[in-house]
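Inspection log for the structure reproduced underneath, given as structure tokens.
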Amino acid sequence: MQMDRAIFQLKAGVEATSLYILICALMDEGKAATLENVRNQWTGSDEALSAGLEELIRLGVLSPTPPDGQTPLKVQPTESWNWKE
């Protein structure tokens, strides 16, 4: 999955933007973008990861997913993002 540069226009926080880039990179490598795989690559704190995840869900960039760590995170099309914030 190619990263959409519109993420920078969305003006999400640093954690959310970094998380989006990491998810896209995992997918580009052919790896499942599960929370477990993301956690293995994430260099920040668990709190920052949770905050980034919550923000991406709130902004409509990610679909809400069960917090089981094995379910792949689903990136929504740019048209579905919440541009009103």
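Nothing here was measured: the structure is a model prediction, and the numbers come from that model.
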Exercise: identify the closest heavy-atom pair between [X] and [Y]:
| X | Y | result |
| --- | --- | --- |
| I7 | T17 | CG1-CG2, 4.3 Å |
| M27 | A33 | CG-CB, 3.9 Å |
| L49 | L35 | CD2-CD1, 4.3 Å |
| G13 | E55 | N-OE2, 3.0 Å |
| L22 | Q41 | CD1-CB, 3.5 Å |
| F8 | M3 | CE1-CE, 3.8 Å |

Query raised in the report: Is D68 close to E36 at the side-chain level, that is, under 4.5 Å between some pair of heavy atoms?
Result: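 When only atoms from C-beta onward are counted, D68 and E36 do not touch, as no gap falls below 4.5 Å.
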Requested in this report: Find out whether L59 and W83 are in side-chain contact, i.e. whether some heavy atom of one side chain is under 4.5 Å from a heavy atom of the other.
Outcome: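 Side chain of L59 against side chain of W83, heavy atoms only: no contact under 4.5 Å found.
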Report task. Mind running side-chain contact (heavy atoms from CB on, under 4.5 Å) on L53 and L73 for me, showing each step along the way? Result -> CA-CA 10 Å; L53 186 61; L73 301 169; 4.1 Å; yes
Query raised in the report: Roughly how far, to the nearest 0.5 Å, is the CG atom of L10 from the CZ atom of R5?
Result: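 Result: 14.5 Å between the selected atoms.
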Query raised in the report: In Å, rounded to the nearest 0.5 Å, how long is the span from CD of E15 to CG of L56?
Result: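 Answer rounded to 0.5 Å: 10.5 Å.
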Query raised in the report: Does the pair Y20 and L62 meet the rule for a side-chain contact (heavy atoms from CB on, under 4.5 Å), with working shown?
Result: CA-CA 9 Å; Y20 172 78; L62 294 178; 5.8 Å; no
Query raised in the report: Is there a path of hydrophobic side-chain contacts, each under 4.5 Å between heavy atoms of I, L, V, M, F, W or Y residues, that connects I23 with V14?
Result: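 Result: no, two separate clusters.
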Report task. Look at the side chain of Q70 and the backbone N and O of T34, then say whether any donor-acceptor pair between them is shorter than 3.5 Å. Result ->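 Not at all, since once roles are kept as given, no pair shorter than 3.5 Å links the two residues.
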Query raised in the report: Under 3.5 Å, side chain of N82 to main-chain N/O of G60, donor-acceptor pair present?
Result: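 No; judged by distance alone, with no hydrogens or angles, the pair does not exist.
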